[in-house]
Amino acid sequence: MLTGERLFRLAIIVIFASALAANDTASVGARAAATPPTGTVYTWQQVVTGDWQAASNWRPERTAPASGDVLVFNTGGTKTATNVPREIIGQLIVSGNTAVNLESSADVMLTISGGEGDDLTIDQGSGLNFTGANAISARPTTGAVARIEGAMTFMSSGSAAHRLTAAD
């Protein structure tokens with residue numbers, strides 16, 4: 001009998017295997033080598049914990065969030081971004097042996113609109129964790145590509161139903 005984490009891991013494997021089977025190898029490789037969506041690249045600057053919506057927590061300062069923004073967590077160690085809003089971004093990249101905990105003050109949808117290349121990236125040795133009492137749903141849109149070589153976990157201190165839901 002599959003339960004909890006084993007069932008979740010099996011579901012993720014099935015989802016990504018199905019997505020890869022639906023695309024031929026050449027088109028997947030071509031997308032990964034192409035340019036990212038138009039938008040500004042912002043890198044998380046907080047040492048441990050900070051507010052996602054505080055412009056000064058990003059470099060350059062993220063004063064005018066846009067749907068094509070590329071958000072990067074790559075400074076190593078464990079980081080927690082609180083107050084994640086309902087938002088549309090272009091890409092989310094976690095690399096450099098960085099573990100990112102995302103928390104929100106309400107149930108939110110984080111839409112990853114994508115473009116050319118990998119749109120949700122979690123490199124080997126890195127992790128993306130949805131934590132806290134309020135549900136965060138990450139939703140790559142149609143055509144967005146996820147490359148998860150690291151870890152992705154969903155943990156709640158209450159009954160939050162964190163999710164990763166791909167359009168295709």
Side-chain angles (χ1 to χ4, degrees), residues 4-5 8-9 12 15-16 32 34-141 144-167:
E5 184 178 347
F8 171 74
R9 287 179 187 219
I12 291 296
I15 290 168
F16 286 111
T35 53
T38 56
T40 303
V41 176
Y42 295 97
T43 303
W44 184 252
Q45 296 299 303
Q46 279 301 311
V47 175
V48 179
T49 301
D51 185 331
W52 174 292
Q53 296 184 56
S56 61
N57 287 336
W58 300 95
R59 289 290 177 265
E61 287 196 6
R62 192 166 181 243
T63 56
S67 63
D69 288 348
V70 177
L71 305 183
V72 179
F73 294 85
N74 66 356
T75 56
T78 301
K79 315 295 180 194
T80 300
T82 61
N83 200 25
V84 174
R86 177 182 187 102
E87 185 172 17
I88 299 171
I89 60 173
Q91 294 180 326
L92 179 61
I93 300 168
V94 183
S95 62
N97 295 312
T98 306
V100 179
N101 300 316
L102 299 183
E103 299 177 357
S104 62
S105 57
D107 292 353
V108 297
M109 172 78 68
L110 183 61
T111 303
I112 302 168
S113 63
E116 296 300 321
D118 296 330
D119 306 305
L120 171 60
T121 302
I122 306 169
D123 283 347
Q124 185 174 3
S126 296
L128 177 62
N129 309 307
F130 293 11
T131 62
N134 297 302
I136 299 174
S137 295
R139 183 179 181 277
T141 60
V145 175
R147 182 179 53 81
I148 301 174
E149 296 173 348
M152 188 169 194
T153 60
F154 302 85
M155 300 174 285
S156 174
S157 58
S159 60
H162 301 297
R163 292 187 170 95
L164 171 64
T165 57

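Heads up: numbering here begins at 1 and tracks the sequence.
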To the nearest 0.5 Å, atom OG of S67 lies from atom CD of E87 at 9.5 Å

How long is the gap from CD1 on I89 to CZ on R62, to the nearest 0.5 Å?
7.0 Å

Do you know which two heavy atoms are closest between S156 and A133, and how far apart they sit?
OG-CA, 4.3 Å

Looking at S104 and V84, what are the two nearest heavy atoms and their distance?
CB-O, 3.4 Å

If we only count heavy atoms from C-beta on, is the I93 to N74 side-chain gap below 4.5 Å?
no

Pair V72-V70, side-chain contact (heavy atoms from CB on, under 4.5 Å): steps then yes or no:
CA-CA 6 Å; V72 179; V70 177; 4.1 Å; yes

Do Q91 and T121 touch side chain to side chain, with heavy atoms closer than 4.5 Å?
no

Spatial distance of atom OG1 (T43) from atom CZ (R59) [nearest 0.5 Å]:
10.0 Å

Any idea which heavy atoms bring I122 and S126 closest together, and the distance?
CG2-O, 3.6 Å

Closest approach of Y42 and A64, non-hydrogen atoms and distance?
OH-O, 4.5 Å

Closest non-hydrogen atom pair between N97 and Q124, with its separation:
OD1-O, 4.1 Å

F130 vs F154 aromatic rings, parallel, tilted or perpendicular, using cut-offs 30° and 60°?
perpendicular

Residues at least two apart in sequence or cross-chain that pass salt bridge (Lys or Arg N to Asp or Glu O under 4.0 Å) with R139, listed by chain then number, are none

Using the side chain to side chain contact (heavy atoms under 4.5 Å, CB included) definition, which of the options N129, V48, N101 pairs with T78?
N101

Just by distance, do the side chain of S137 and the backbone of M109 share a donor-acceptor pair under 3.5 Å?
no

Please round to the nearest 0.5 Å and tell me the distance separating atom CG of L164 and atom CG of L128.
9.0 Å

Per side chain to side chain donor-acceptor pair (under 3.5 Å), D51 is matched among N83, N57, T82 by N83

Nearest 0.5 angstrom please: R86 CZ to D107 CG, how far?
10.5 Å

Would you say CZ of R163 has more than 12 non-hydrogen atoms from neighbouring residues, nucleotides or ligands within 6.0 angstrom?
no

Would a distance-only check, ignoring hydrogens and angles, find a side-chain to backbone donor-acceptor pair under 3.5 Å from T80 to T49?
no

Sequence neighbours excluded, the answer for ring-ring contact (aromatic ring centres under 6.0 Å, His included) partners of W52 is W58

Working to the nearest 0.5 angstrom, can you tell me the gap between I88 CD1 and I112 CD1?
11.5 Å

Are the side chains of N134 and V108 in contact, using a 4.5 Å heavy-atom criterion?
no

So if I apply the side chain to side chain contact (heavy atoms under 4.5 Å, CB included) rule between D69 and each of L92, V41, T40, which one comes out positive?
T40

Looking only at heavy atoms, which two atoms of A144 and G114 are closest? And how far apart?
CB-CA, 4.4 Å

For E149, enumerate each residue passing the salt bridge (Lys or Arg N to Asp or Glu O under 4.0 Å) test, keeping only those at least two apart in sequence or located in another chain.
R147

Checking K79 side chain against A99 main chain: does a donor-acceptor pair fall under 3.5 Å?
no

